Enquirer: 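One structure, as structure tokens, below. Some questions next.
Being a predicted model, the structure only gives us computed values, none of them experimental.
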Amino acid sequence: MPDTSYDSSGSGWTETTASAQTITDALPFGVVCFDVKEDGQVLIASANPMAKSIFDMQGSVVFPVALGAIWAESDLEKLSEAIRLSNSRQVSNTLEWVKTRDGHEHYLTSQLKPIFVDGNGHCQVLCTIEDHTAEKLAEQNIMHHAFHDALTGQPNRVLFRNKLEETVLNGQRSDEPFGCAVLVVNIDRFQQINESFGHSAGDRFLISMASTLRRCIGSSDILARLSGDEFAILVPDMVHIKSVVKICERIHEAMRQPYDLDGNEVFTSVSIGVASTMSSATHPEDLIRDADFAMHRAKIAGKARTEIYRRESHQVARSQFHLETELRRAVERQELQLFYQPIIDVRTSELRGFEALTRWNHKDHGYVSPVEFIQLAEETGIIVPLGRWAIEAACTCLKHWEMEVGHDKLVPINVNVSGVQFGRDDVAAVVAAALDKYKLPGNLLRIELTESSIMANPERISESLDKIRDLGVKVALDDFGTGYSSLNYLHQFPIDIIKIDRVFINQLERGNTQHKILDMIGRLARSLGHEIVAEGLEDPVHIDMVTEMGFAFGQGFYYSAPVSSFQASDMVRGKLPWSQPSP
């Protein structure tokens, strides 16, 4: 190859030529010339330094030398066959091959080209060898991290799903009927470990947890970490669900042993959900979803247990999900209504107020029970916008009545507020804003809450009730008598009105236990300055009894069922549907 250089003696530019050997020796990849003998033996005719290094040739080697003499030809079978093919057919070839050296695999790429070295048609094979080991290892490392959890080293969700899909397909193609099962394992109270010992200790616990689970499953089963404190197990050859249940039992048994975290014994448990192709869908994501659903049912049922997926339970959950979506839209679009049940002076039968009750008339399903959608609203947090809407709607109604009949004829409206709303919302601020918006005095609005609401967060709710009463709004304790500590609430919390639960009223007979308890409650409430409302009045005899015990107010179907705002307006005007006592 010509090389141009400058001659400083003054003769100018000169041309020199580097030898082919010099160039070949300088190349950063291996160059080898192979000969193939008639018996198929492969000989190395020449090799540059890089090739000698790749083949681990000593400096004293004398060419030509048999390839098998330098390296066991069985280890280079793929390369040898490619050399013979290129020599016999006189065709170029590209080859990727692996050579093990010092216990490590080297990933090599070769270009093979037949060349004629004399006029007698003698053919040799010129072979270049490039080492791509570093790039291959980097690629493998990237692939490993793409499909494995960095903390535990177990397969991640992506690889688990791929294995599950492969298992399902194999099962569908097989003549022998068999199923597979997915277990979703969630650590109970894992957040407490992080909060108590720190996230580093939590990570060590997860690593140990992965080892524990691995010991509880079979060699063909696949363990993966799906997310934070959630693992999944694939049982690929399930014959009967009982075999999967045994795996779950082993896991629960193993969890009874303490974990040592920095010298601290930690006890915890797991909730396990199981779905199989015999009882669930066969799509991989559906199987994982169903196992996850079963796991959450195990959580709800008390944790530290296993739940097997059942299709009928899932159908109920799906209908609840759709109902939740529709309830959110109903609140946003103000498709709900307030109905009003009158609160009556049991001595004079005069109207003294209303309890506002939320009603939902679904466009497709018709009337939806408040028992069903109020609980759903509390579980999903929809209760907060729903509760705000109810307070706003009650104030709107009061303002409408004021404009229609004048302030003097107005009666207060009781609005039920959930304990969940008290926990998530500033109820006092919501009430204050509504009263200010409609320019209403606080004595026209009353807030009702249940005993269970108070027990959920007594300190926060007590503080909120004090602020509400500062607005002039009275507080009513609903369903009084159903809790185990009802009497404590009468002096511990800022309460103005107690509403006796209908369960007491329905069982009321002269002289019976309920009668004696209510008589005692009436005396105590009056001594503390509380108003008393008897709920669920349907029988005139019950009305007589609560009147004799000194109860001032009552509500129930004897007087009126909950009515629309238009009918309630008629009652405010004085059109009362129940009989009045004779003057």
Enquirer: State plainly whether the residues D149 and R157 are in salt-bridge range, i.e. N to O under 4.0 Å.
Expert: no
Enquirer: Can any side-chain N or O of K78 pair as donor or acceptor with the backbone N or O of E96 at less than 3.5 Å?
Expert: yes
Enquirer: Under the criterion side chain to side chain contact (heavy atoms under 4.5 Å, CB included), I'd like the reasoning laid out for H132 against H106: C-alpha separation, chi angles, the key distance, then a yes or no.
Expert: CA-CA 8 Å; H132 296 290; H106 291 259; over 6 Å; no
Enquirer: Please answer whether the main-chain N or O of T128 pairs with a side-chain N or O of S110 as donor and acceptor at a distance below 3.5 Å.
Expert: yes
Enquirer: Within a strict 4.5 Å, meaning less than it, do heavy atoms of the L43 and V36 side chains meet?
Expert: no
Enquirer: List the atom of I251, the atom of C216, and the distance in Å for their closest heavy-atom pair.
Expert: CG1-CB, 3.7 Å
Enquirer: Do R225 side-chain atoms and D229 backbone N/O form a donor-acceptor pair below 3.5 Å?
Expert: no
Enquirer: What are the two closest non-hydrogen atoms of Q154 and A210, and how far apart are they?
Expert: CG-CB, 4.2 Å
Enquirer: If you measure from the Lys or Arg side-chain nitrogens to the Asp or Glu carboxylate oxygens, is any gap between R161 and E165 under 4.0 Å?
Expert: yes
Enquirer: Test E249 against K246 for salt bridge (Lys or Arg N to Asp or Glu O under 4.0 Å), laying out the working first.
Expert: CA-CA 5 Å; E249 290 172 351; K246 288 182 180 179; over 6 Å; no
Enquirer: Would you find more than 12 non-hydrogen atoms of other residues, nucleotides or ligands less than 6.0 Å from E459 atom CD?
Expert: no
Enquirer: Do E139 and Y107 meet the criterion of a side-chain donor-acceptor pair at a distance under 3.5 Å?
Expert: no
Enquirer: Regarding S211 and S208, is there a side-chain donor-to-acceptor distance under 3.5 Å anywhere?
Expert: no
Enquirer: Less than 4.5 Å apart, side chain to side chain, heavy atoms only: is that true for V266 and F197?
Expert: yes
Enquirer: Verify the distance criterion only: is there a donor paired with an acceptor across the side chains of Q111 and T94 at less than 3.5 Å?
Expert: yes
Enquirer: If I compare all heavy atoms of V182 with all of L287, which pair ends up nearest, and what's the gap?
Expert: CG2-CB, 4.2 Å
Enquirer: Would you check, one step at a time, whether the test side chain to side chain contact (heavy atoms under 4.5 Å, CB included) holds for C180 with L164?
Expert: CA-CA 9 Å; C180 67; L164 176 57; 4.0 Å; yes
Enquirer: Distance from L327 atom CG to I382 atom CD1, nearest 0.5 Å?
Expert: 4.5 Å
Enquirer: Would you call S200 and R204 a side-chain contact if the rule is heavy atoms closer than 4.5 Å?
Expert: yes
Enquirer: Is it the case that the side chain of D131 and the backbone of T133 share a donor-acceptor pair, with hydrogens and angles ignored and the cut-off at 3.5 Å?
Expert: yes
Enquirer: Can a donor-acceptor pair be found between the side chains of N162 and E166 at a distance below 3.5 Å?
Expert: no
Enquirer: Rounded at 0.5 Å granularity, tell me how far CG in L112 sits from CG in N87.
Expert: 10.5 Å
Enquirer: L85 and V91: which non-hydrogen atoms are nearest, and at how many Å?
Expert: O-CG2, 4.3 Å
Enquirer: Does a side-chain heavy-atom distance below 4.5 Å link R84 with V42?
Expert: yes
Enquirer: Are the side chain of S196 and the backbone of I193 linked by a donor-acceptor contact shorter than 3.5 Å?
Expert: no
Enquirer: With side chain to side chain donor-acceptor pair (under 3.5 Å) as the test, would you mind laying out the steps for E378 and S418 before giving the verdict?
Expert: CA-CA 8 Å; E378 289 181 330; S418 164; 2.7 Å; yes
Enquirer: Looking only at side chains, do N186 and H296 share a donor and an acceptor under 3.5 Å apart?
Expert: no
Enquirer: Going from CE on M255 to CZ on R250, what distance comes out if it is rounded to the nearest 0.5 angstrom?
Expert: 15.5 Å
Enquirer: Report yes if the side chains of T167 and L234 come closer than 4.5 Å at any heavy-atom pair, otherwise no.
Expert: yes
Enquirer: Return the OG1 to CZ distance between T268 and R189, rounded to the nearest 0.5 Å.
Expert: 5.0 Å
Enquirer: Is there a donor-acceptor contact under 3.5 Å from the side chain of R310 to the main chain of I308?
Expert: yes
Enquirer: Whether R329 and E326 form a salt bridge (side-chain N of Lys/Arg under 4.0 Å from carboxylate O of Asp/Glu) is what I want to check.
Expert: no
Enquirer: State plainly whether the residues D188 and K299 are in salt-bridge range, i.e. N to O under 4.0 Å.
Expert: yes
Enquirer: Below 4.5 Å, heavy atoms only, C-beta onward: do K99 and I54 meet side chain to side chain?
Expert: yes
Enquirer: Using a distance-only test with no angle check, is there a side-chain donor-acceptor pair under 3.5 angstrom linking R460 and S464?
Expert: no
Enquirer: Rounded to the nearest 0.5 Å, what separation is found between the CG atom of L79 and the CD1 atom of I83?
Expert: 4.0 Å
Enquirer: More than 12 heavy atoms of other residues, nucleotides or ligands under 6.0 Å from CD of E285: is that the case?
Expert: yes
Enquirer: Begin from the C-alpha positions of L183 and F231 and carry the test side chain to side chain contact (heavy atoms under 4.5 Å, CB included) through to its verdict.
Expert: CA-CA 8 Å; L183 289 68; F231 292 84; over 6 Å; no
Enquirer: Go through the steps for R256 and E253 under the test salt bridge (Lys or Arg N to Asp or Glu O under 4.0 Å), then give the verdict.
Expert: CA-CA 5 Å; R256 295 189 181 98; E253 181 63 31; 2.5 Å; yes
Enquirer: Where is the tightest heavy-atom contact between F34 and I44, given as atom of each residue plus distance?
Expert: CE2-CG1, 3.7 Å
Enquirer: The test is side chain to side chain contact (heavy atoms under 4.5 Å, CB included); show your working for T152 and M209 and say whether it passes.
Expert: CA-CA 9 Å; T152 64; M209 180 71 188; over 6 Å; no
Enquirer: Assess the residue pair E324 and R328 against the criterion (salt bridge (Lys or Arg N to Asp or Glu O under 4.0 Å)); give the C-alpha distance rounded to whole Å, side-chain angles, the decisive distance to 0.1 Å, and a yes or no.
Expert: CA-CA 6 Å; E324 174 195 342; R328 288 185 186 277; 3.1 Å; yes
Enquirer: When you compare the side chain of S92 with that of P114, does any pair of heavy atoms fall below 4.5 Å?
Expert: yes
Enquirer: Please tell me whether H199 and D203 have a donor and an acceptor in their side chains that are separated by less than 3.5 angstrom.
Expert: no
Enquirer: Shortest non-hydrogen contact from L376 to T380?
Expert: O-OG1, 2.8 Å
Enquirer: How are the rings of H144 and H148 set to each other: parallel, tilted or perpendicular (split at 30° and 60°)?
Expert: parallel
Enquirer: Just by distance, no angles: are the side chains of H252 and S269 close enough, under 3.5 Å, to form a donor-acceptor pair?
Expert: no
Enquirer: Under 4.5 Å between any side-chain heavy atoms of W97 and I129, yes or no?
Expert: yes
Enquirer: So, are D286 and R289 salt-bridged, with charged N and O less than 4.0 Å apart?
Expert: yes
Enquirer: How many angstroms lie between atom CD1 of I374 and atom CG of L386, to the nearest 0.5 angstrom?
Expert: 5.0 Å
Enquirer: Are Y309 and S276 linked by a side-chain donor-acceptor pair shorter than 3.5 Å?
Expert: no
